[in-house]
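One structure is given below, encoded as C-alpha cells.
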Amino acid sequence: TLTAPFNLTSQETDGVDFEGRWQVPLGGSEDKLTLRLLGSYVHKNIVYSPLIANPVNDVANLISQSLGAITSQPRWRVTGAVNYQHGAFGAYLQTRYIGAFTWDKTKTLGVDTDFNHIASQVYMDAQFSMKIPFLGKDQELYINVQNLLDELPPSSPSRRGGTPLPTQPPEHQ
C-alpha cells in the first residue's frame, strides 16, 4: 500500500499592509528628498490543529500556541525613512517601530507568571554616503550606523532549557 502525509492544520489570518512614498526635487538637478512609510497591522493569526485544544489568536503573543514556538508577529510594525541626496552626498535616516507583545496569552499575570508584557520598541538607523570619482567611475563610500540611539532591546524571560530570546539583553541571558 502507498501512504501519503495529510495536513490537518489550517491557519486563519487577516490584517493590512500599507506603503507610501513621496519624492521632492530640491534646488539642483540631482538634489532630492524622499520620504517613505511602510507598515503592517495584523488583526488575527489563529492556527487550527487537532493538536491544539483551544486555538489562540497569536498576534502580539511571543509564545505561539501552535507547537509552543517562539514567534515574532507584533500587531503593529512601522518603518519610516528619509533619504536626502545632494549631488555626491547622501544621508539616510530610518526609524523602526515594533509593537508590544504579550509573553504568553495562556498565562494569567499574578497567577501563572509575574511577567507577561514586552514593551514596544523604536530603533533608528542612519547612513551617510559620498560618491567619489576613481579610475573613471564613481565609487561610493558610506558609513552605516545601526541602532543610532543605542536602544537596548526589551527584557523578556527565557524558557527553561531553551535558547534566550533575541529581545533579551546579554546581561540577562
Side-chain angles (χ1 to χ4, degrees), residues 11 13-45 57-64 66-105 115-159 161-173:
Q11 183 175 10
T13 185
D14 73 48
V16 177
D17 294 326
F18 56 91
E19 178 176 0
R21 182 174 178 268
W22 185 52
Q23 189 170 54
V24 180
L26 299 175
S29 62
E30 295 181 19
D31 298 350
K32 60 187 169 190
L33 179 69
T34 305
L35 306 172
R36 186 172 185 208
L37 183 69
L38 299 125
S40 177
Y41 171 80
V42 181
H43 176 70
K44 184 187 327 179
N45 184 44
N57 183 359
D58 280 335
V59 174
N61 186 28
L62 269 179
I63 301 297
S64 171
S66 59
L67 308 176
I70 295 173
T71 64
S72 59
Q73 187 173 19
R75 186 170 300 280
W76 282 100
R77 185 180 297 245
V78 179
T79 301
V82 176
N83 191 12
Y84 172 72
Q85 194 69 41
H86 177 70
F89 173 78
Y92 176 81
L93 180 66
Q94 173 179 275
T95 302
R96 296 174 286 140
Y97 170 80
I98 303 166
F101 284 95
T102 298
W103 169 246
D104 187 342
K105 287 184 179 180
F115 180 91
N116 209 20
H117 178 77
I118 298 171
S120 61
Q121 198 67 24
V122 175
Y123 298 101
M124 292 182 79
D125 307 319
Q127 178 174 304
F128 302 95
S129 63
M130 180 65 77
K131 293 179 184 170
I132 299 171
F134 183 72
L135 297 175
K137 295 186 179 184
D138 278 345
Q139 306 300 318
E140 187 171 8
L141 300 174
Y142 62 90
I143 295 172
N144 188 331
V145 180
Q146 295 186 354
N147 196 4
L148 183 66
L149 302 177
D150 197 25
E151 290 291 326
L152 289 174
S155 295
S156 63
S158 61
R159 303 185 70 204
T163 304
L165 291 172
T167 61
Q168 196 168 10
E171 62 270 13
H172 293 127
Q173 291 182 358

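This one's a predicted model, so the numbers in the text were calculated from it and none came from an experiment. Computed over heavy atoms, backbone and side chain alike; hydrogens, waters and symmetry mates excluded.
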Set of residues satisfying side-chain contact (heavy atoms from CB on, under 4.5 Å) with respect to L93, sequence neighbours excluded: M124, A126, L148
Listed once per pair and sorted, the salt bridge (Lys or Arg N to Asp or Glu O under 4.0 Å) pairs that draw on residues 143-152, sequence neighbours left out: none
For residues 35-45, tabulate all N or O donor-acceptor pairs below 3.5 Å that involve a side-chain atom, not counting sequence neighbours.
residue, atom, partner, partner atom, Å
R36, NE, E19, OE2, 3.0
R36, NH2, E19, OE2, 2.6
S40, OG, D17, OD1, 2.9
K44, NZ, E12, OE2, 2.8
N45, OD1, Q11, NE2, 2.5
N45, ND2, Q73, OE1, 2.9

Among residues at least two apart in sequence or on other chains, which ones pass side-chain hydrogen bond (donor to acceptor under 3.5 Å, both in side chains) with T34? Q23
Can you see which heavy atom on A100 is nearest to which on S120, and at what distance? N-CB, 3.6 Å
Determine all donor-acceptor pairs shorter than 3.5 Å in which one atom belongs to a side chain in residues 127-143; sequence neighbours excluded.
residue, atom, partner, partner atom, Å
Q127, OE1, N144, ND2, 3.3
S129, OG, E140, OE2, 3.2

Rounded to the nearest 0.5 Å, what separates atom CG in L149 from atom OH in Y123? 11.5 Å
Side chain Q121, main chain L152, donor-acceptor under 3.5 Å: yes
How close do T79 and R96 get, counting heavy atoms only, and between which atoms? OG1-CG, 3.9 Å
Donor-acceptor contacts under 3.5 Å from residues 81-88 side chains, at least two apart:
residue, atom, partner, partner atom, Å
Q85, NE2, G87, O, 3.2
Q85, NE2, F89, O, 3.1
H86, ND1, D31, OD1, 3.4
H86, ND1, D31, OD2, 3.0

